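What you are looking at is a predicted structure, and each value in this text was computed from that prediction instead of being measured. Just so you know, residue 1 is the first one in the sequence shown, and it goes up from there. Ligands are counted one by one from 1 in listed order, and the atoms in each one are counted from 1 as well. Note that these values count all heavy atoms, side chains included, but never hydrogens, waters or copies made by symmetry.
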Amino acid sequence: MGVVNVTPDSFSDGGRWFDADAAIAHGLDLVAQGADIVDVGGESTRPGAARVEPAEELRRVVPVIRELAGRGIRVSVDTMHAATAAAAVEAGAEIINDVSAGLADEAMAAIAAETGARYVAMHWRGHLDVDDSQAEYADVAHEVRDELAARVDALVAAGIAPDRLILDPGLGFSKRAAHNWEMLARLGELQALGFPVLVGASRKRFLGALLPEGAPVEERDLPTAVISALSAEAGAWAVRVHDVTATRRALDVVGAWQSGRRG
Ligand SMILES: Nc1nc2ncc(COP(=O)(O)O)nc2c(=O)[nH]1
């Protein structure tokens, strides 16, 4: 899953794809690099980023989604707003990627149910209202699993068919570095809920901590690709990344290694 942030302020590529034509070109480039899905978002989820009204978010993402989907590309829309999700699906998006798992907009679950789109429910305790660095967990893997299981119950009760759901541990959202690494190491406990799992580690701060002080954000693409390989080994459904080439190469290594196992 390649990322196209149509925003002026996303933390790792803010502003580069804010123009619709640039965003479309970038989405096509990600597909050429090997992306299976292009995730189009119009609102940065970076701590402290300005909130974006649905009308503005919609204006940013719908033209990009319409053009990419019109070329047969599988598109997901990264939004917490039901109105944006509805417009995006109407424009051809097949997946609604909601970092709030339906908590930010009470109309979202019904819209997702109505459209029949696939729906990514990401874990973000207290979304937007909680300072990520203050989050405390007694057992992060158990609590993320249980909190997402509760979201699944609510989303299914709202009419979303279980086979439409994809779960995501929400790395870096209300979680500190140690929580992120523990979530990755214990990904199987989330997978045990029986839903596909999406992993979004790309270029996040907890990867930067492994690099020399002050390393540019692009240096996080190699650690990201290693996590893509390890996520594939763990049976993840997909990985959400900015540098598709690095991850595609990493996944090709995993594929070659696994075929070697079969002899
Ligand atoms: N499902 C999902 N969606 C996301 N959207 C944005 C970001 C923040 O990263 P970005 O600003 O670099 O896109 N991370 C995720 C994530 O981890 N999972």
Side-chain angles (χ1 to χ4, degrees), residues 1-18 23 26-27 30 35-52 57 60-61 64 74-81 84-85 88 93-104 108 112 117-125 127-128 132 144 148 151 155 164-175 177 179-181 183-184 187 190 195-208 216-218 220-221 223-224 227-228 231 236-244 246-247:
M1 180 185 277
V3 179
V4 177
N5 286 318
V6 192
T7 58
D9 57 353
S10 287
F11 84 93
S12 70
D13 57 9
R16 290 180 62 186
W17 325 116
F18 194 35
H26 186 53
L30 293 179
D36 299 305
I37 301 167
V38 175
D39 188 41
V40 181
E43 177 179 36
S44 170
T45 53
R46 185 172 54 88
R51 299 288 289 130
V52 175
E57 184 187 49
R60 294 177 182 181
V61 301
V64 177
R74 284 180 75 194
V75 175
S76 59
V77 57
D78 189 342
T79 184
M80 294 185 269
H81 299 120
T84 305
E94 296 176 26
I95 301 167
I96 298 167
N97 175 22
D98 181 355
V99 297
S100 78
L103 291 169
M108 176 63 91
R118 299 210 69 180
Y119 183 86
V120 176
M122 193 195 82
H123 180 269
W124 187 0
R125 180 181 282 178
H127 72 281
L128 289 179
D132 291 346
V144 168
L148 276 179
R151 292 309 305 145
L155 294 164
R164 304 281 78 201
L165 289 174
I166 298 150
L167 303 183
D168 181 322
L171 299 175
F173 289 85
S174 63
K175 297 173 191 74
H179 298 135
N180 296 329
W181 289 117
M183 270 318 302
L184 286 168
L187 201 63
L190 180 58
F195 296 93
V197 171
L198 170 65
V199 173
S202 187
R203 294 186 178 175
K204 287 185 176 174
R205 188 176 23 200
F206 77 107
L207 301 183
V217 74
E218 289 74 16
R220 301 178 186 176
D221 287 332
T224 299
I227 287 180
S228 295
S231 298
W237 171 75
V239 285
R240 179 180 178 280
V241 298
H242 301 82
D243 180 346
V244 170
T247 276

Would you check if the side chain of Glu43 reaches a backbone N or O of Val52 as a donor-acceptor pair within less than 3.5 Å?
yes
Quick one: does Leu171 get an N or O within less than 3.5 Å of an N or O on ligand 1?
no
With only distance considered, is Asp39 within less than 3.5 Å of ligand 1 through an N or O on each side?
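In this structure, Asp39 places no N or O atom under 3.5 Å from an N or O of ligand 1.
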Could you work out, for [atom], the closest of [options] by heavy-atom distance?
atom                    : options                       : result
atom 9 (O) of ligand 1  : Arg203, Arg240, Met1          : Arg240
atom 8 (C) of ligand 1  : Leu198, Asn5, Thr45, Val239   : Thr45
atom 14 (N) of ligand 1 : Lys204, Met80, His242, Met122 : Lys204

Provide the closest heavy-atom pair for [X] versus [Y] in the form atom of the first, atom of the second, distance.
X      : Y      : answer
Gly2   : Leu30  : C-CD1, 3.7 Å
Arg203 : Thr224 : N-OG1, 3.2 Å
Gly27  : Val38  : O-CG2, 3.8 Å

Any idea which atoms of ligand 1 are less than 4.0 Å away from a heavy-atom of [X]?
X      : value
Val99  : 3 (N), 4 (C), 5 (N)
Asn97  : 1 (N), 2 (C), 3 (N)
Gly200 : 17 (O)
Asp168 : 1 (N), 2 (C), 16 (C), 18 (N)

Phe206 and Trp181 aromatic ring geometry - parallel, tilted or perpendicular at 30°/60° bounds:
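Perpendicular: the ring planes of Trp181 and Phe206 meet at over 60°.
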So, using side chain to side chain donor-acceptor pair (under 3.5 Å) as the criterion, who are the partners of Asp243 when residues are at least two apart?
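Applying side chain to side chain donor-acceptor pair (under 3.5 Å) to Asp243 gives none.
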So is Arg46 close enough to ligand 1, meaning a heavy atom under 4.0 angstrom away?
no
Not counting sequence neighbours, which residues clear salt bridge (charged side-chain N to carboxylate O under 4.0 Å, His left out) with Asp78? List them please.
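Only Arg240 meet the salt bridge (charged side-chain N to carboxylate O under 4.0 Å, His left out) criterion with Asp78.
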